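In what follows, a structure is listed as structure tokens, so that the remarks can point back to it.
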Number of protein chains: 4
Amino acid sequence: MRIEDKEGKYSIILDSAVKVFAEFGVENSTVSKIAAKAGVADGTIYLYFKNKKDILIKFADDRGEKIFRKFEEAVNSGKDSKEKLFNLIYSHIENFSKNKDLAVVYQCELSKIHGCQPKIRELSIRYRQMLKDIFLLGQSEGRVSKNVDLDFIKDLVSGSINEIINTYIVKENKNIDILEASGKLVDFIFKGLG
Amino acid sequence: MRIEDKEGKYSIILDSAVKVFAEFGVENSTVSKIAAKAGVADGTIYLYFKNKKDILIKFADDRGEKIFRKFEEAVNSGKDSKEKLFNLIYSHIENFSKNKDLAVVYQCELSKIHGCQPKIRELSIRYRQMLKDIFLLGQSEGRVSKNVDLDFIKDLVSGSINEIINTYIVKENKNIDILEASGKLVDFIFKGLG
Amino acid sequence: MRIEDKEGKYSIILDSAVKVFAEFGVENSTVSKIAAKAGVADGTIYLYFKNKKDILIKFADDRGEKIFRKFEEAVNSGKDSKEKLFNLIYSHIENFSKNKDLAVVYQCELSKIHGCQPKIRELSIRYRQMLKDIFLLGQSEGRVSKNVDLDFIKDLVSGSINEIINTYIVKENKNIDILEASGKLVDFIFKGLG
Amino acid sequence: MRIEDKEGKYSIILDSAVKVFAEFGVENSTVSKIAAKAGVADGTIYLYFKNKKDILIKFADDRGEKIFRKFEEAVNSGKDSKEKLFNLIYSHIENFSKNKDLAVVYQCELSKIHGCQPKIRELSIRYRQMLKDIFLLGQSEGRVSKNVDLDFIKDLVSGSINEIINTYIVKENKNIDILEASGKLVDFIFKGLG
DNA sequence: TATGAATGAGTATTCATTCAT
DNA sequence: AATGAATGAATACTCATTCAT
């Protein structure tokens, strides 16, 4: 059996777990359900994960890190602060729209699991630092007033984006015009910061 | 036994439950822990609540409604849209600051419990309608541009307020200057909507 | 409060218990249900009965004894063995028809309760002795063959009567022509014993 | 693990349950007691049975059906109505004598459990139909009078047999001369029907 | 590696019984 | 005598985890 098979089964279980978590909630998800969804025996789970909670921790670590890289790429590909913010928001909404199970687990389930909190907290801090950097750039571009408290503002913006995800993807499960939503949000923010 | 004693025991159990839920999370909270914290026998819980889930439902119904009344009073006591929004945000932060256990349970735990969702959803809708009404008033006052999509904006604002609660009360457990935070938030929002 | 009031409340509880036992079965009958049906507080039960099982024991003792007296009277009023048997069977079916709750509890519930068994066993023995005495009389009358094993036969007859009660009153809840049924049964038995 | 092992454990639990039910009564039998008697963990019970009641239902279905097959074979192997009835009664007493636990549970416990009643009722109906068929054959043979009400008589006979089981096996726990008892019973019945 | 039968600790809930009023 | 709120022991059932195969 090749190494990629191990990675493969590890991934299959992780993906299955997310689907199960999203459908039933973490607490109503049993190891058996995850194993069944992954097409492996219950015991096999324990060859790849220490225990049930470890699945969530690994999910937060792996999938969280992966999606965060995409956010960073999106930001890097923007030529100025406004485009960077737009790209970030667009990437965020798009990625979570494409994978609603992941969105549900991220927004609702993960934050409560004790072992997951370090990674979640780290990602949250990095996310907000990204926002702060964008707005610092905006200040140097003259787009953002030097009077605003960026530490405070980055939280507001982070909350706004979160709410969009929560409202349109997690709760309402609506199809959203990502381009339009991202545009409106960026306009609102930059106007507020001008 | 006086009437207030019965109400008293019901309240004592509810308060104890909130503390336990906040400390351990709903799923790691046992009926025994709640009973012990309330200083009653396990069986006594069932004289006042149908079952464990019912405690959360009653909590959402009773405490949620009570706190929402305060929000409405705060809004009503404002003379114009800006003051109304300020009062709402101030009241929101203040009330959740005073009772962090309640904040934790509201923000993190309640939304996932199925039986609670009707009330949570109702409160969420009423909250956002309050915001929309404030901004409609703002439009008639000439303070808010008629071009903005109020349904979209109210979500952003709701998300921003939520994030303040989450960041400063639930996660960081910081003491926050409520007056300053409310002021900054209102300024940012009205500037963005101008 | 007069003495008969005590007897009265004792009786009311006993009657209520039988109704509850018949409706729910002994094991699904709670002291609370019995108290509610009797219109007294739960605690009041314990002023008249030692505990829940004691209700059943007292029921077996009191009601069993009472109904058994009627059977004896019925037998005594018959002028010969055939009439005595007819009267017994008629009285048995009639009394259990009139009070189906009592029939249900007697036939189905009581025999399993450990504390009740002494009385139940005693009544069963007395019942079968009554039958044996009738058949002994029948032998002296020349109506019953001297060759039959009366100890065995009395059991058969007892079982037959039981089955009539079970089939027509407890299970099927049918209205039965008591006169006809008693007649047929007596005829069958005496023919078999001739 | 061989197939018979699975069947084996299922059977072991069922047998253990019957013993426990017979000793303590269904309501005083705990799942733990059954598991201990079977030499398995409590949880193992639930790998083979849906819940506690399901054990009784399966018992009624499996053991009831099995024993009933023996009754049918016994009847079929008789060459005329009298021999058929004799064989049935003999088989009935013999089988219940050999397994008194089963007899106790069948006669006393099973009839009250709601989920068991369909099977119990079915078996009871089939049993009495068997009796009726025997007596119909007896009529065609000229052994049984055409005047008797067979629907009534089959109940009497069923009750008589039941009483033999109850009296000698369940209650008195006596050793009984099966050959003699069956013979007497058949004689009595056919004489009564002549 | 992979399996899945077996385990048994953990928990919500019920209800007979008590006792202060 | 009567009440009924409070008690807490008892028990069915779940499910994460293990381990012999």
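Note that the structure is a prediction, hence the values are computed from the model and not measured. Here is the naming used below: chain letters follow the sequence lines, and residue numbers restart at 1 for every chain.
One atom, CG of C:Asn51, and another, C1' of E:dT18, lie 13 Å apart when rounded to the nearest Å. Note: OH (A:Tyr10) to C1' (E:dA2) measures 19 Å, nearest angstrom. Counting to the nearest Å, the P atom of E:dA12 and the CG atom of B:Leu56 are 12 Å from each other. Between B:Asp54 atom CG and E:dT13 atom P there is a gap of 10 Å when expressed in whole angstrom units. For the pair A:Asn28 CG and F:dA16 C1', the interatomic distance rounds to 15 Å; values are reported in whole Å. Put simply, CD1 on C:Ile13 is 11 Å from P on F:dA1, counting in whole angstrom units. Rounded to whole angstrom, the span from the CZ atom of D:Phe24 across to the P atom of F:dT11 amounts to 11 Å. Taking atom CG of residue B:Leu47 and atom P of nucleotide F:dT7, one finds them 9 Å apart after rounding to whole Å.
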> Does the pair A:Val104 and A:Val18 meet the rule for a side chain to side chain contact (heavy atoms under 4.5 Å, CB included), with working shown?
Replying inline: CA-CA 9 Å; A:Val104 169; A:Val18 175; over 6 Å; no

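Among residues two or more places apart in sequence or in another chain, the salt bridge (Lys or Arg N to Asp or Glu O under 4.0 Å) test is passed with D:Asp54 by D:Lys58. When the salt bridge (Lys or Arg N to Asp or Glu O under 4.0 Å) test is applied to A:Asp42, no partner is found at least two apart in sequence or on another chain. With sequence neighbours left out, the ring-ring contact (aromatic ring centres under 6.0 Å, His included) criterion links D:Phe49 to D:Tyr10. Among residues two or more places apart in sequence or in another chain, the salt bridge (Lys or Arg N to Asp or Glu O under 4.0 Å) test is passed with B:Glu122 by B:Lys119, B:Arg126.
Relative to the six-membered ring of C:Phe24, C:Lys33 meets both conditions, a distance below 6.0 Å and an angle of at most 45° to the axis.
The nucleotide whose nearest atom lies closest to any side-chain atom of C:Thr30 is, among E:dT13, F:dT17, E:dC15, E:dC15. Listed candidates were F:dA12, E:dT17, E:dT7. Nearest to the side chain of C:Tyr46 is E:dT17.
Mapped onto DNA chain F by nearest heavy atom, A:Lys53 and D:Glu27 fall at different nucleotides, with D:Glu27 at the one closer to the 5' end.
Looking at every heavy atom in both residues, B:Asp61 comes nearest to B:Glu65 through O-CB, 3.0 Å.
Between D:Tyr48 and E:dA6, a side-chain N or O to OP1/OP2 separation shorter than 4.0 Å is present. The shortest distance between the side-chain N/O atoms of C:Lys9 and the OP1/OP2 oxygens of F:dA2 is below 4.0 Å.
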> For DNA chain E, what string of dots and brackets results from 5' to 3' when Watson-Crick and G-U pairs need both distances under 3.5 Å, crossing pairs get [ ], and pairs with another strand get |?
Replying inline: .||||||||||||||||||||

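Contact check of residues 38-45 of chain D against DNA chain E (heavy atom, cut-off under 4.0 Å) returns D:Val40, D:Ala41, D:Gly43, D:Thr44.
Two rings, from D:Phe21 and D:Tyr106, have their centers 6.0 Å or more apart.
Within 6.0 Å of NZ in D:Lys100 there are more than 12 heavy atoms belonging to other residues, nucleotides or ligands.
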